[in-house]
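If you're wondering where the values come from, they're calculated on a predicted model, not measured in any experiment. The figures here come from the full heavy-atom set of this structure, side chains too, leaving out hydrogens, waters and symmetry mates.
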Amino acid sequence: MTSQPTEPYRVHPRTQDEIGAALPPSQRMAFYRDMGSADESEIAGVLRRWRLRLEIYNDPATTRVHNAVRQGTAPGRALSAVLREFGPQ
């Protein structure tokens, strides 16, 4: 067994400019809109949320999992099935 990473190390963007540059153009304006409307107590949360989104966008498993969910072959059960089991509360 090895403790070597399975993928090469990637530097994750940390600053506002780095995150904005790493986002696809379709998401960049939403990011800057969120940053512009955040006050000083919210700014760190906005950066953290968008950094997590970048990790999801860049994760090679994201596309595979998304396709499996759309095709109905993903493991697990649909939320609608679980809610039907519990019935009205």
Peer 1: Which residues pass the side chain to side chain contact (heavy atoms under 4.5 Å, CB included) test with E18, not counting sequence neighbours?
Peer 2: P13, R14, T15
Peer 1: How many angstroms lie between atom CZ of R53 and atom CG of L23, to the nearest 0.5 angstrom?
Peer 2: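 Separation between the atoms: 9.0 Å.
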Peer 1: Got a sec, which residues hit side chain to side chain contact (heavy atoms under 4.5 Å, CB included) with T63, two or more places apart in sequence or on another chain?
Peer 2: N67
Peer 1: Rounded to the nearest 0.5 Å, how far does NE2 of H66 lie from CD1 of I56?
Peer 2: 13.0 Å
Peer 1: Between E85 (side chain only) and V82 (backbone N and O only), is there a donor and an acceptor less than 3.5 Å apart?
Peer 2: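 No, the answer is negative, given that no donor and acceptor are paired below the 3.5 Å cut-off.
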Peer 1: What heavy-atom pair brings D39 and S41 nearest, and what distance separates the two atoms?
Peer 2: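 In terms of heavy atoms, the two residues are closest at OD1-OG, 2.7 Å.
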Peer 1: Taking side chain as C-beta onward, heavy atoms only, is W50 less than 4.5 Å from Q27?
Peer 2: yes
Peer 1: Please find the pair of heavy atoms, one from V46 and one from M35, that lie closest to each other, and give the distance.
Peer 2: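 Minimum heavy-atom contact is CG1-SD, 3.3 Å.
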Peer 1: Please check if the side chain of T62 supplies one atom and the backbone of Y57 the other of a donor-acceptor pair under 3.5 Å.
Peer 2: no
Peer 1: Measure the shortest side-chain to side-chain distance between Q16 and Y32 over non-hydrogen atoms and say whether it is less than 4.5 angstrom.
Peer 2: yes
Peer 1: Name all residues meeting the side chain to side chain contact (heavy atoms under 4.5 Å, CB included) criterion together with T73; count only those two or more places apart in sequence or in a different chain, and write none if there are none.
Peer 2: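 If we apply the side chain to side chain contact (heavy atoms under 4.5 Å, CB included) test to T73, skipping adjacent residues, the hits are A68, Q71.
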Peer 1: Could you see if M29 belongs to whatever hydrophobic cluster contains L47? Use Ile, Leu, Val, Met, Phe, Trp, Tyr and a side-chain cutoff under 4.5 Å.
Peer 2: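 Result: no, two separate clusters.
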